[in-house]
Chemist: 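Here it is, the structure in full.
We count ligands from 1, going down the list as the structure has it; atoms in each ligand are counted the same way. Remember, it's a predicted structure, so these values are computed and weren't measured experimentally. Throughout, residue positions are numbered sequentially from 1 according to the sequence presented.
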Amino acid sequence: MRRPFIAGNWKMNLNRREAATLAGSIARRAGELAHLDLAVCPPSVYLETVGAALSGGPVGLGAQNMYHEAAGAFTGEISAAMLVDLGCRYVILGHSERRHILGETDEQVNRKVLAALAAGLTPIACVGELLEEREAGQTGEVIRRQFDRSLAGLPDEQMRRVVIAYEPVWAIGTGKVATPQQAQEVHLDLRKLISARYNQGLAQTVRILYGGSVKAANAAELLSQADVDGALVGGASLKADEFLAIAAGAQRN
Ligand code: PGA
């Protein structure tokens, strides 16, 4: 059985006080949500503050990005070891905003995934097609290419630790959520791909999250799909009630 996982991607939002308050509110009520993993991914400058507000409770701390090198002259970058040092368990890698706004390539994502795993972090590796790609019937091909390149060179025991997030780019921050059937179809394709590249047993253990306009009102139906193991939540993760209601939706299934 795959344990449901709900992660909040706060993106470049909130100030330090707001970040601490939000983390505190989530941490206080997380105890009601056994049987699933919860995590929040604040801006990196607030990781320490948010980590303190989570104070060793069940809610995991994650970063939104990192650099693949271990240390050195890389102005402005942050290493995997630094994230571990701050108490991070997770790191989102290859988010569509980084791919499309900041020009990150599959090859760069791959180097980051390998470095994150080597440091003991759990990467939340994102894949997802553009609207034009979906309309051109290329969704399967795009997802396969991103999977093969972004997650290249991972032995079984590393692949087992990866969390994949399927985030159709047209659904991110647009209010236009994928239908549960659209999500399930891609999640199942991803699982078949893992089975083909690795094996059936491993494919059954890897968690695949859906992301893109998830909110409390649509979460339960998305999360009821057989291959949807959780959600990566952007906008709706900035409100404790909404985020916890999404998590409660996962719990019910
Ligand atoms: P959204 O973002 O929930 O605001 O659409 C999801 C994400 O980018 O992870």
Chemist: Which heavy atom of the protein is the closest neighbour of atom 2 (O) of ligand 1, given with residue, atom name and distance?
Modeler: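 In this structure, atom 2 (O) of ligand 1 has Lys11 NZ, 3.2 Å as its nearest protein heavy atom.
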Chemist: Within a distance under 4.0 Å of any heavy atom of His95, pick out the atoms of ligand 1 and give their elements.
Modeler: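 Under 4.0 Å from His95, ligand 1 has these atoms: 7 (C), 8 (O), 9 (O).
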Chemist: If we only count heavy atoms from C-beta on, is the Val169 to Leu131 side-chain gap below 4.5 Å?
Modeler: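 Heavy-atom side-chain distance check fails, nothing below 4.5 Å.
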Chemist: Between Ile172 and ligand 1, which residue portion shows a heavy-atom distance shorter than 4.0 Å: side chain, backbone, both, or neither?
Modeler: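 Looking at Ile172 and ligand 1, atoms from backbone and side chain both fall under 4.0 Å.
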Chemist: Salt bridge (charged side-chain N to carboxylate O under 4.0 Å, His left out), that's the test. Do Asp241 and Arg29 meet it? Break it down for me.
Modeler: CA-CA 10 Å; Asp241 285 348; Arg29 289 152 61 194; 3.0 Å; yes
Chemist: For Ala236, is at least one N or O under 3.5 Å away from an N or O on ligand 1?
Modeler: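 No, Ala236 has no N/O under 3.5 Å of an N/O on ligand 1.
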Chemist: With respect to Gly211, determine whether any N or O atom, backbone or side chain, lies less than 3.5 Å from an N or O atom of ligand 1.
Modeler: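 Between Gly211 and ligand 1, no N or O pair is found under 3.5 Å apart.
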Chemist: Might you point out which heavy atoms bring Arg161 and Leu121 nearest each other, and give the distance in Å?
Modeler: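 The pair with the smallest heavy-atom distance is NH2-O, 3.6 Å.
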Chemist: What's the shortest heavy-atom distance between Val142 and Gly128, and which atoms?
Modeler: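 That closest heavy-atom pairing would be CG1-O, 4.2 Å.
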Chemist: Under 6.0 Å from the CZ atom of Arg16, do we count more than 12 heavy atoms belonging to anything else shown?
Modeler: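 No.
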Chemist: May I ask whether Lys215 has any heavy atom positioned less than 4.0 angstrom from an atom of ligand 1?
Modeler: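 So Lys215 does not count as touching ligand 1.
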Chemist: Should you measure from each heavy atom of Gly173, which atoms of ligand 1 turn up under 4.0 Å away?
Modeler: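 The atoms of ligand 1 under 4.0 Å from a heavy atom of Gly173 are 1 (P), 4 (O), 5 (O).
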Chemist: Any nitrogen or oxygen of Gly235, side chain or backbone, less than 3.5 Å from one on ligand 1?
Modeler: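 There is such a contact, yes.
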Chemist: Would you indicate which of Gly234, Gly128, Ser237 comes nearest to atom 6 (C) of ligand 1 when only heavy atoms are counted?
Modeler: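 Answer by nearest heavy atom: Gly234.
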Chemist: What residue and heavy atom of the protein are closest to atom 7 (C) of ligand 1, and at what distance?
Modeler: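 Checked against all protein heavy atoms, atom 7 (C) of ligand 1 sits closest to Glu167 OE2, 3.2 Å.
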Chemist: Less than 4.0 Å is my threshold; does some heavy atom of Cys126 fall inside it relative to ligand 1?
Modeler: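 No; Cys126 lies far enough from ligand 1 that no heavy-atom distance drops under 4.0 Å.
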Chemist: Quick check: is Val228 connected to Val186 through a chain of hydrophobic side chains (ILVMFWY, heavy atoms under 4.5 Å apart)?
Modeler: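 Yes, because Val186 and Val228 connect within a single hydrophobic cluster, where side-chain heavy atoms sit under 4.5 Å apart.
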Chemist: Identify, by atom number and element, the atoms of ligand 1 in contact range of Ala171, meaning under 4.0 Å from any of its heavy atoms.
Modeler: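 Every atom of ligand 1 under 4.0 Å from some heavy atom of Ala171: 5 (O).
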Chemist: With rounding to the nearest 0.5 Å, note down the distance linking OG1 in Thr139 to CZ in Arg144.
Modeler: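 Atom-to-atom, Thr139:OG1 and Arg144:CZ are 11.0 Å apart.
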Chemist: How far apart are the closest heavy atoms of Gly24 and Ala53, and which atoms are they?
Modeler: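 Distance-wise, the nearest heavy atoms are N-CB, 4.1 Å.
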